[in-house]
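Position 1 is the first residue of the sequence, and the numbers go up from there. Keep in mind it's a predicted model, so treat the numbers as computed, not measured. Values below: all heavy atoms of this structure, side chains included; hydrogens, waters and symmetry mates excluded.
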Amino acid sequence: QVQLVESGGDSVQAGGSLRLSCAASGYRFSVYTMAWYRQAPGKMREWVAARLVEGGTQYADSVRGRFTISRDIDKNELYMQMNNLKPEDTAIYYCNARPPRDDLWGQGTQVTVAS
């Protein structure tokens, strides 16, 4: 059974930092482009960052320079370091492949940034 489990979300003040993690079972990150997505209250889910299978990274304009996506192939985990957090970063964050697979959406992890 393929499963992705996100963790690391918390409530922080604006300007703070968090590190999100995504652990996989039954799924190897090393052979897929993996990404982080987020969904804010009342908004559609949006793509945030991607770690390309060949090694590069891509970021949405709204987070470029503040967020860093990375992976640990040995641990089969995906991470996102989030610095200088803003209230508009408040959302549930999910990991998935890019393009996303319907069967990989997990519960997500809540990030709340207070002004």
Side-chain angles (χ1 to χ4, degrees):
Q1 181 182 358
V2 177
Q3 187 177 23
L4 300 180
V5 179
E6 302 90 350
S7 63
D10 205 344
S11 296
V12 297
Q13 295 292 317
S17 298
L18 286 172
R19 185 180 188 238
L20 305 184
S21 298
C22 173
S25 58
Y27 189 80
R28 297 298 303 176
F29 285 159
S30 59
V31 297
Y32 298 98
T33 288
M34 294 299 298
W36 286 95
Y37 301 81
R38 66 185 180 186
Q39 186 166 19
K43 295 186 178 181
M44 294 185 64
R45 190 175 292 166
E46 65 176 356
W47 167 77
V48 176
R51 177 62 163 85
L52 305 181
V53 64
E54 61 267 31
T57 56
Q58 296 175 335
Y59 298 94
D61 289 344
S62 59
V63 306
R64 187 176 293 111
R66 300 188 297 121
F67 291 10
T68 303
I69 188 172
S70 61
R71 70 182 182 189
D72 186 320
I73 293 177
D74 292 335
K75 293 183 178 179
N76 205 32
E77 293 185 351
L78 185 73
Y79 308 102
M80 187 158 70
Q81 177 67 41
M82 306 188 297
N83 298 327
N84 190 24
L85 283 160
K86 303 176 180 181
E88 51 264 42
D89 295 319
T90 294
I92 300 174
Y93 285 72
Y94 304 86
C95 62
N96 202 319
R98 191 178 190 206
R101 286 175 41 173
D102 288 341
D103 63 332
L104 291 183
W105 292 115
Q107 295 298 310
T109 186
Q110 175 71 50
V111 172
T112 303
V113 185
S115 57

Exercise. Assess whether atom CD of Gln1 is packed by more than 12 heavy atoms of other residues, nucleotides or ligands within 6.0 Å.
Key: no
Exercise. Group every Ile, Leu, Val, Met, Phe, Trp and Tyr by side-chain heavy-atom contacts under 4.5 Å, then state whether Tyr93 and Tyr59 land in the same group.
Key: yes
Practice problem: Locate the shortest heavy-atom distance separating Tyr27 from Ala97; write the atom from each residue and the value. | Solution: OH-CB, 3.4 Å
Exercise. Search all heavy atoms of Ser17 against all heavy atoms of Asn83 and return the closest pair with its distance.
Key: OG-OD1, 3.0 Å
Quiz item: For the residue pair Met34 and Leu4, what are the closest heavy atoms and their distance?
Solution: CE-CD1, 4.2 Å
Self-check item: Contact check, side chains of Ile73 and Arg28, non-hydrogen atoms, under 4.5 Å
Solution: yes
Exercise. Compare every heavy atom of Gly9 with every heavy atom of Leu20, then report the nearest pair and how far apart it is.
Key: CD2-N, 3.6 Å
Quiz prompt | Spatial distance of atom CE (Met82) from atom CG (Leu18) [nearest 0.5 Å] | solution = 4.5 Å
Practice problem: Taking Asn96 for its side chain and Arg101 for its backbone only, find out whether a donor-acceptor pair lies under 3.5 Å. | Solution: yes
Quiz prompt | Verify same cluster id: Leu85, Ile92 (apolar side-chain graph, 4.5 Å) | solution = no
Quiz item: Around atom CD of Gln110, are there more than 12 heavy atoms of other residues, nucleotides or ligands at under 6.0 Å?
Solution: yes
Self-check item: Distance (rounded to the nearest 0.5 Å) between Glu46 CD and Tyr37 OH
Solution: 11.5 Å
Quiz item: Between Trp105 and Tyr94, what is the ring plane arrangement, given parallel below 30°, perpendicular above 60°, and tilted in between?
Solution: perpendicular
Quiz item: Which atom pair, heavy atoms only, marks the closest approach of Ser115 to Gln13?
Solution: O-OE1, 3.7 Å
Practice problem: Could you tell me which non-hydrogen atom of Ser21 sits nearest to which non-hydrogen atom of Tyr79, and how far apart they are? | Solution: OG-CD2, 3.4 Å
Exercise. Identify whether Ile69 and Leu104 are in the same connected component of the hydrophobic contact network (ILVMFWY, side-chain heavy atoms under 4.5 Å).
Key: yes
Quiz item: Do Leu78 and Val2 sit in the same hydrophobic cluster, where Ile, Leu, Val, Met, Phe, Trp and Tyr count as joined when their side-chain heavy atoms come under 4.5 Å apart?
Solution: yes
Self-check item: Gap separating the CZ atom of Arg38 from the CE atom of Met80, nearest 0.5 angstrom
Solution: 7.5 Å
Practice problem: First locate atom CZ of Arg71, then atom OH of Tyr32, and finally report the distance between them rounded to the nearest 0.5 Å. | Solution: 13.0 Å
Exercise. Please check if the side chain of Glu6 supplies one atom and the backbone of Cys95 the other of a donor-acceptor pair under 3.5 Å.
Key: yes
Self-check item: Any donor-acceptor pair under 3.5 Å from Thr33 side chain to Val53 backbone
Solution: yes
Practice problem: Rounded to the nearest 0.5 Å, what's the gap from CZ on Arg66 to NZ on Lys86? Could you check? | Solution: 4.5 Å
Quiz prompt | Short N-O contact, Asp61 and Arg64, less than 4.0 angstrom | solution = yes
Practice problem: Indicate, with yes or no, if Trp36 and Val12 share a hydrophobic cluster defined by side-chain heavy-atom contacts under 4.5 Å among Ile, Leu, Val, Met, Phe, Trp and Tyr. | Solution: yes
